[in-house]
Number of protein chains: 2
Amino acid sequence: MTITEAAGEGLVRIGQVARDAGVSVRAVRYYEQQGLLTAERSPSGQRLYRQDAVPLVRFFQQMYAAGLTSRRIAELLPCWDSGHTDAEQRAMLRAERDRIQAKVDDLQTALDRLDEVIRTTDTHP
Amino acid sequence: MTITEAAGEGLVRIGQVARDAGVSVRAVRYYEQQGLLTAERSPSGQRLYRQDAVPLVRFFQQMYAAGLTSRRIAELLPCWDSGHTDAEQRAMLRAERDRIQAKVDDLQTALDRLDEVIRTTDTHP
DNA sequence: CTTGCCTCTGACGTCAACGTCAGGTTTTAG
DNA sequence: CTAAAACCTGACGTTGACGTCAGAGGCAAG
């Protein structure tokens, strides 16, 4: 039995998390530094993550892609963890939602313009 | 009659372009530096833009918002200016279109997740 | 034992679209 | 004429999410 196995059944090291979530090891350490992710430590100091770290990292990636900062994600994490929110958090949630919606609309407009050009250039080779 | 007026009827200075397009003066100079925008010069060296610089700058902003770089926009500008495109340009156009479409889908997914949380937290105050 | 991969902690580097400051010229308003 | 705006050319600073390198340990396998 390896030390990693002895440390706990559901615990994985950082490389495993990174591979499973499709990000770099550096990124996972960065998330911890930003207060998004916590990990136990093995006696030798290596990070040990629970399995739910993987979907969590995937979720971070989604939020980053949506334009949220680490800080904002950290502020809104309690909404997921506890399901409880105060007025300020609800306001932030709605603000982010509106911002993303506006971004979607902008992207759709840009997409339409590109499609228009593509059609034009396809009929005028 | 001011010098600007004497320089030509349809020509405006950089501040006017920036205000009308809703960007900073610095941004307009930056676009020129990136090869996106050209301007005549008054005898004293001030930039003089034609009116169509304003919608052009707005267009740049849209493309930036869609995630295109200055370099990419510069590469694709001939598609607008001349309506003519080679195979490489058409490939880039489609690649950008697909990238934007994927981004829209990602944002929509993120939006759905946020909405879900908002509904949950609204019913569980 | 030792080879080779994984992990650790710092700390500096990157990239893109500007912001900002310095120091000087130009144009406009009164 | 004069003071205030507006403009000019550099050139360094900013921000965020990492990349990358250095140097030092940790761990499974042969």
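Below, chain A is the first sequence line, B the second, and so on; all start at residue 1.
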Rounding to an integer number of Å, can you tell me how far [X] [atom1] sits from [N] [atom2]?
X	N	atom1	atom2	value
B/Arg29	D/dC8	CZ	P	5 Å
B/Arg72	C/dC15	CZ	P	16 Å
A/Leu48	D/dG26	CG	C1'	12 Å
B/Tyr49	D/dA6	OH	C1'	14 Å
B/Phe60	C/dA16	CZ	P	17 Å
B/Gln33	D/dT9	CD	C1'	11 Å
A/Arg19	C/dC6	CZ	P	7 Å
B/Leu36	C/dC18	CG	P	10 Å

Is there a donor-acceptor contact under 3.5 Å linking the side chains of A/Tyr64 and A/Ser70?
-> yes
For A/Glu96, check side chain to side chain contact (heavy atoms under 4.5 Å, CB included) against everything at least two apart and list the hits.
-> A/Leu68, A/Arg72, A/Leu76, A/Arg99, B/Leu114
For A/Gln108, enumerate each residue passing the side chain to side chain contact (heavy atoms under 4.5 Å, CB included) test, keeping only those at least two apart in sequence or located in another chain.
-> A/Leu111, A/Asp112, B/Val104
Side-chain N or O of A/Ser44 less than 4.0 angstrom from OP1 or OP2 on D/dC27?
-> yes
Starting from the 5' end of DNA chain D, give me the residue, A/Val25 or B/Arg41, whose nearest nucleotide shows up first.
-> B/Arg41
Do the side chains of A/Asp122 and B/Arg94 get nearer than 4.5 Å, heavy atoms only?
-> yes
For A/Arg41, which residues count as a side-chain hydrogen bond (donor to acceptor under 3.5 Å, both in side chains) partner, sequence neighbours excluded?
-> A/Glu32
Keeping the roles fixed (side chain from A/Arg13, backbone from A/Gln46), state whether a donor-acceptor pair exists under 3.5 Å.
-> no
Specify the angle, to 10°, made by the local axes at the two ends of the helix from C/dC1-D/dG30 to C/dG30-D/dC1 when five pairs are taken at each end.
-> 10°
Parallel, tilted or perpendicular: ring planes of B/Tyr31 versus B/Phe60, cut at 30 and 60 degrees = perpendicular
State which of D/dG26, D/dT9, C/dC8 makes the closest approach to the side chain of B/Arg47.
-> D/dT9
Could you grab the distance from atom OG1 of B/Thr38 to atom CZ of B/Arg47, nearest 0.5 Å is fine?
-> 11.5 Å
Polar-atom pairs under 3.5 Å, protein N or O versus N or O of nucleotides 12-18 of chain D: list them with distances, or write none.
unit_1: D/dA17; atom_1: OP1; unit_2: A/Ser70; atom_2: N; d: 3.2
unit_1: D/dA17; atom_1: OP2; unit_2: A/Tyr30; atom_2: OH; d: 3.3
unit_1: D/dA17; atom_1: OP2; unit_2: A/Ser70; atom_2: OG; d: 3.0
unit_1: D/dC18; atom_1: OP2; unit_2: A/Tyr31; atom_2: OH; d: 3.0

Tell me, which pairs form a ring-ring contact (aromatic ring centres under 6.0 Å, His included) where one or both residues lie in residues 102-122 of chain A, sequence neighbours left out?
-> none
